[in-house]
Amino acid sequence: MPELPEVETTRRKIEPLLLGRTILEVQHDAPHKYRDTHLAAGRRVTGLSRRGKYLMLHLAAAEAAHDQGADSPHDLEFIVHLGMTGGFRLEGGKHTRVTLRTDAGDLYFDDPRRFGKMAVVRPGEYAGMPTLAAMGPEPLSDDFREDFAALAAQAGAVKPWLLSQKPVSGVGNIYADESLWLAGLHPTQTRLTRDEAGRLYHAVRDVMGRAVEAGGSSLGKGEGNYRQHDGLSGLFQHAHNVYGKGGEPCPRCGTPIEKSVVAQRGTHHCPQCQPLRRETV
DNA sequence: CATCAATCCTGATCGC
DNA sequence: TGCGATCAGGATTGAT
């Protein structure tokens with residue numbers, strides 16, 4: 001399930017395949033999921049960026065001057081969300097949903113469960129994408145500061161709060177569980193103290209930083225799992241401490257990891273290391 | 001406004 | 001071994 005580290009890895013991997021290329025055509029059969037992607041035809045990719053779990057191809061007129069190095073101005077953004085199972089491939093297959101035809105070859109978007117979405121918009125016009133419009137700071141940027149403690153002090157259950165993308169961007173189910181374990185916080189803890197918020201801040205940065213370095217997490221053997229465009233796996237799944245490890249001993253204290261459901265998501269935590277602090281009213 | 005549940009999807013896995 | 005039921009979950013929408 002692509003979260004920030006997987007999307008960032010995807011960005012880095014497909015950048016050399018798309019940068020400077022002209023998109024000739026975008027083929028698909030689901031206009032509702034891939035809105036206005038026909039507008040990309042005839043435009044050149046001048047850069048690839050990422051915001052949270054969203055990938056953006058910067059598009060400019062094909063005849064615009066070819067700047068070297070820095071990203072040149074663009075007048076359209078081709079936004080891609082990988083959903084649960086989306087990913088780019090060098091060859092088409094059974095689950096190819098979108099084909100990007102370029103002047104330097106084709107790139108295929110595979111998405112078995114069809115949760116992925118695309119849209120072409122004017123830069124920054126995210127009215128139709130409320131989560132992107134209200135996106136919190138990048139966890140690995142200087143915009144993410146410990147002053148998020150002020151927000152955390154007012155927050156409801158901490159895991160759903162993280163998953164909302166508002167306090168910080170790019171955290172999904174896997175990295176929420178891993179960050180909360182590292183911070184020693186119960187998934188349903190509310191109204192974090194300053195100390196708790198500080199621990200969570202550092203845990204999110206640590207987990208996300210290491211996961212990006214590892215190329216993200218690749219889980220399971222099935223087709224629907226995250227892979228890089230060349231079929232390579234990320235490595236961070238080997239560093240998971242709690243996700244997918246219900247019943248196994250906590251790496252820190254040996255207590256069996258508990259599996260539960262929080263906010264309709266499979267949730268893993270150590271009852272010993274991550275106790276729920278009762279509100280003292 | 002905040003919280004919660006339903007919805008979209010289909011391959012993998014589980015239970016009998 | 002087969003087959004139906006269940007699980008997985010990010011973002012959005014609708015309900016409370």
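Chain letters run A, B, ... following the sequence lines, proteins first, then strands; residues in each count from 1.
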Worksheet item: Do the charged groups of A:Arg11 and A:Glu8 touch, with an N to O distance under 4.0 Å?
Response: yes
Worksheet item: Would you call A:Asp75 and A:Arg43 a salt bridge, taking side-chain N to carboxylate O under 4.0 Å as the test?
Response: yes
So which nucleotide from [options] ends up closest to the side chain of [X]?
X	options	result
A:Lys259	B:dT10, C:dT12, C:dA8	C:dA8
A:Met84	B:dC9, C:dT12, C:dG9	C:dG9
A:Tyr54	C:dG10, B:dT10, C:dA11	C:dA11
A:Pro112	B:dG11, C:dT12, B:dC8	B:dG11

Worksheet item: Toward the 5' end of DNA chain B, which comes first, A:Lys166 or A:Arg265, by nearest nucleotide?
Response: A:Lys166
Fill in: Any A:Lys117 side-chain nitrogen or oxygen under 4.0 Å from OP1 or OP2 of C:dA11
no
Worksheet item: Hey, is the side chain of A:His81 poking within less than 4.0 Å of OP1 or OP2 on C:dA11, counting only N and O atoms?
Response: yes
Discussion item. Stacking between A:Phe115 and C:dA11, defined as ring centres under 5.5 angstrom apart with planes under 30°, is that present or not?
Written reply: no
Discussion item. Any base atoms under 4.0 Å from A:Tyr175, or only sugar-phosphate, or nothing? Heavy atoms, all strands.
Written reply: nothing
Interface polar pairs with nucleotides 3-5 of chain B, N/O, under 3.5 angstrom:
residue : atom : partner  : partner atom : Å
B:dA5   : N7   : A:Gln264 : OE1          : 3.3

